[in-house]
Q: 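Okay, here's the structure, questions in a sec.
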Amino acid sequence: MVDPDRICMGCMRELKKGETCPYCGFSIKKYAQCRSSRALPARTILGGLYLIGKVLGEGGFGITYIALDLNRQIPVAVKEYFPSGLSSRDTSGEGTGVVSLPGGDKKQFYKSGLKGFQKEAESLVKLRSLTGIVSVENFFYENNTAYLVMEYINGKTLKQYLQERRTPMGEKETLALMRPILNALEEIHKIGVIHRDISPENIMLVGDGRVYLVDFGAARFSAGEESQNLTVLLKHGYAPVEQYQGNSRQGPWTDIYAVCATMYRMLSGRIPDEAIDRMVGDKMDSLESLAQLERAIQVSRQTSQVIRKGLSVNRSDRYQTVKQLKDDLYKGDEQHEAGESGQNASSPLSIKASSIGENGTMEQTRMAGALILVILFLIMLVLSFLSEDSNTISETEIHPTEYSILSPAKPETERAQPEAADSVAADSSSPIPEPLNSSSEPVAPVLDLISPADIVPGKKIPVSSVNAAVTKGTFEELPSPDQAFDGDKDTSWTGLAGEGGALLWVGFDKAYDVKYLSLCLGGRDNGGLYSDYSRPRKLEITLGSSFFPVELPDSDQDIWMEITPPVRCSVLCIEILETYKGEQWDNICISEISVFGS
């Protein structure tokens, strides 16, 4: 059992003695004196699972804390919905964290925002498989509000890095850092999501070179009516004109403006002029003209023109897709044509150790690499003649990773898996779970409906938390589906969304290799028939970074599903999309859900 008094509330490492942490310098006494009255006190426990530490960030709509996952013993980030002006609480006493809600119209605004907070969680679930996107691990309701548990990223924001640097970044450094962000953004747009709040403040840098796009609180689907009349707290200089106009359509071009504004800031050291001020008599300097005036700014005409186009006031004059932007931005870059690995691109925290220099040309880089290759080839050739068996050199005797300058980028399966639901913080002191797949050519998992006759399900995975919510229509928190996980088919969970649109979040006590799922639909209690209530028909099941659309038969027998190969994860999400209509009641009913694995 963890003793909260022996845990540092700043970095979640164990303390041996003293009140000041020897690792991060955090002092609980000093923090208590300056803590915001809106924030939960350190050492609060939420959901019985998360030990809350210091505040990582506080904005208009919420508060983000570092926390310790008490089951897995790793740090996580917990984001609390707490909108300014619409909520309050008193944490001065022996601290209740319950949020006091306003009356009248403000209460409806609060609920509407809470629905948007839930949508953020849904967006992150859909994006979990993407490299460079922070993964969501849990979502639950408590204290009259909601909490989103995410992977903890131990790094600094691009905004912090630029403020510390004080001088503009070089062109090569900027393009290398932004490549994984653009890759992630391209994939986000493919599934119909726009971020709508890209800025240096929402790009995280980790010391090993990884780069993350964070804060999807403003994200929305870009297709259809979803993209109309969208409002968000604007970051001036990074928001395009359409975000100032309530009736203007938003889409990928909206994010393209923001990402080009971010690169403008990186390359020039200046925040772009506000888009709304540029509508009449645009006087914003191009990067090329700034470079002629200031020696510290170094940018090519091509890159200047690309970013200028991306910053066009009129959305139709901008690039309409990220692929178009990348094709022009990285024109002639052979690595871009070959396919980018993304997270191994150099970041400001690692670029000095991995490049010849900002002023070195691409041709010099190629020549140096070729020369090293020739030298190493000659050395290996000499060694082969000196060897007792010089006829062949087996592939297993050559270890390219020993020569760091020649090492190819590691395949995705060999890297840390930031997109998995059970990802750990970047902090190297945290325990690291077993890799999801050790094969160099991973096989995509497949989910099949199977007969239970010939299987031995093995260990039943213990469930540590269960929550449910409506995913469409009017926001409404659903009754907890605990009874669907109690091992008793005579008890059942009855949801409120009769035609579908319910989401179950199921947390395990640690990461498991999930092999089988078993569902018993309908109700069995009080002598009723399974068909009295509505039953799930179409589901979307999320395990780790894998998504499985499933259509279930309308059966009163246990329905079994097999995942091949097993998926390692600590969170299961089941979204009910459509139902079989009940003969007496419309409410969705599930008697039992069981998960098996190792």
Side-chain angles (χ1 to χ4, degrees), residues 69 71-74 76 124-131 133 135-138 149 151 410-424 430-466 481 484-485 487 503-521 536 538-553 558-576 590 592-598:
D69 184 320
N71 281 336
R72 294 183 293 158
Q73 295 292 292
I74 61 171
V76 293
L124 285 171
V125 168
K126 293 178 183 294
L127 303 175
R128 187 186 298 162
S129 62
L130 301 183
T131 298
I133 304 298
S135 67
V136 59
E137 301 187 355
N138 201 355
V149 183
E151 171 190 9
K410 291 183 180 180
E412 290 295 326
T413 53
E414 294 182 13
R415 301 187 200 137
Q417 304 287 332
E419 67 276 13
D422 53 325
S423 298
V424 300
S430 303
I432 299 176
E434 296 177 9
L436 298 179
N437 194 331
S438 59
S439 168
S440 59
E441 296 183 359
V443 178
V446 175
L447 185 147
D448 291 313
L449 295 175
I450 60 171
S451 169
D454 300 322
I455 68 168
V456 178
K459 178 181 180 179
K460 185 175 180 179
I461 296 175
V463 170
S464 59
S465 63
V466 186
F485 294 87
L503 183 69
L504 306 182
W505 299 71
V506 184
F508 308 140
D509 62 341
K510 62 180 180 180
Y512 291 89
D513 293 319
V514 177
K515 178 66 174 176
Y516 298 106
L517 296 176
S518 173
L519 276 70
C520 180
L521 307 184
K538 289 186 177 180
L539 309 175
E540 183 178 88
I541 295 176
T542 305
L543 288 165
S545 59
S546 300
F547 298 83
F548 305 103
V550 182
E551 183 161 358
L552 302 176
D558 289 357
I559 299 171
W560 284 79
M561 289 165 273
E562 181 179 23
I563 300 95
T564 309
V567 174
R568 188 171 182 81
C569 63
S570 61
V571 176
L572 161 68
C573 295
I574 301 177
E575 184 169 7
I576 303 171
I590 300 176
E592 196 65 27
I593 300 174
S594 299
V595 188
F596 299 89
S598 59

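Computed from heavy atoms alone, side chains included, the values below leave out hydrogens, waters and symmetry copies. The shown structure was predicted, so the numbers you read here are calculated from the model rather than taken from an experiment. Position 1 is the first residue of the sequence, and the numbers go up from there.
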Q: How far does CD1 of Ile541 sit from CD of Glu575, to the nearest 0.5 angstrom?
A: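 So the gap between those two atoms works out to 11.5 Å.
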
Q: Do Phe548 and Ile563 make a side-chain contact, defined as non-hydrogen atoms from C-beta onward lying under 4.5 Å apart?
A: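 Side chain of Phe548 against side chain of Ile563, heavy atoms only: contact under 4.5 Å found.
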
Q: What distance separates Lys460 NZ from Phe485 CZ, expressed to the nearest 0.5 Å?
A: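 Spacing of NZ (Lys460) from CZ (Phe485) equals 9.5 Å.
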
Q: Relative to the ring of Tyr516, is the ring of Trp560 parallel (under 30°), tilted (30 to 60°) or perpendicular (over 60°)?
A: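 Perpendicular: the ring planes of Trp560 and Tyr516 meet at over 60°.
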
Q: So how far is it from Thr542 OG1 to Leu504 CG, rounded to the nearest 0.5 Å?
A: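 The CG atom of Leu504 is 11.5 Å from OG1 of Thr542, to the nearest 0.5 Å.
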
Q: Between atom CE of Met561 and atom CG of Leu519, what is the distance when rounded to the nearest 0.5 Å?
A: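 Result: 4.5 Å between the selected atoms.
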
Q: With a 4.5 Å limit on heavy-atom distance, are the side chains of Asp69 and Asn138 in contact?
A: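 Not in contact.
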
Q: So, for Ser518 and Phe596, which heavy atoms are closest and what is the spacing to 0.1 Å?
A: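 Scanning both residues, the minimum pair turns out to be CB-CE1, 4.3 Å.
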
Q: What's the separation between atom CG in Asp558 and atom CG in Leu521, rounded to the nearest 0.5 Å?
A: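 Atom-to-atom, Asp558:CG and Leu521:CG are 9.0 Å apart.
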
Q: Kindly give the heavy-atom pair with the smallest separation between Glu151 and Glu137, and that separation in Å.
A: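 Scanning both residues completely, I find the closest heavy atoms to be CA-OE2, 3.9 Å.
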
Q: Answer whether the closest heavy-atom distance between the side chains of Leu572 and Ile461 falls below 4.5 Å.
A: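 SC-SC contact between Leu572 and Ile461 ruled out.
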
Q: Please examine the side chains of Lys515 and Thr564, heavy atoms only from C-beta on, and report whether any two atoms are closer than 4.5 Å.
A: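 Yes, at least one pair of side-chain atoms sits under 4.5 Å.
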
Q: Quick one: are Leu539 and Ile576 in side-chain contact, heavy atoms under 4.5 Å?
A: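 Yes, at least one pair of side-chain atoms sits under 4.5 Å.
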
Q: With a 4.5 Å heavy-atom cut-off, do Ile593 and Pro481 have their side chains touching?
A: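 No; the side chains remain at least 4.5 Å from each other.
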
Q: If you compare all heavy atoms of Gly487 against all heavy atoms of Glu592, which two are closest, and at what distance to 0.1 Å?
A: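 The pair with the smallest heavy-atom distance is N-OE2, 2.6 Å.
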
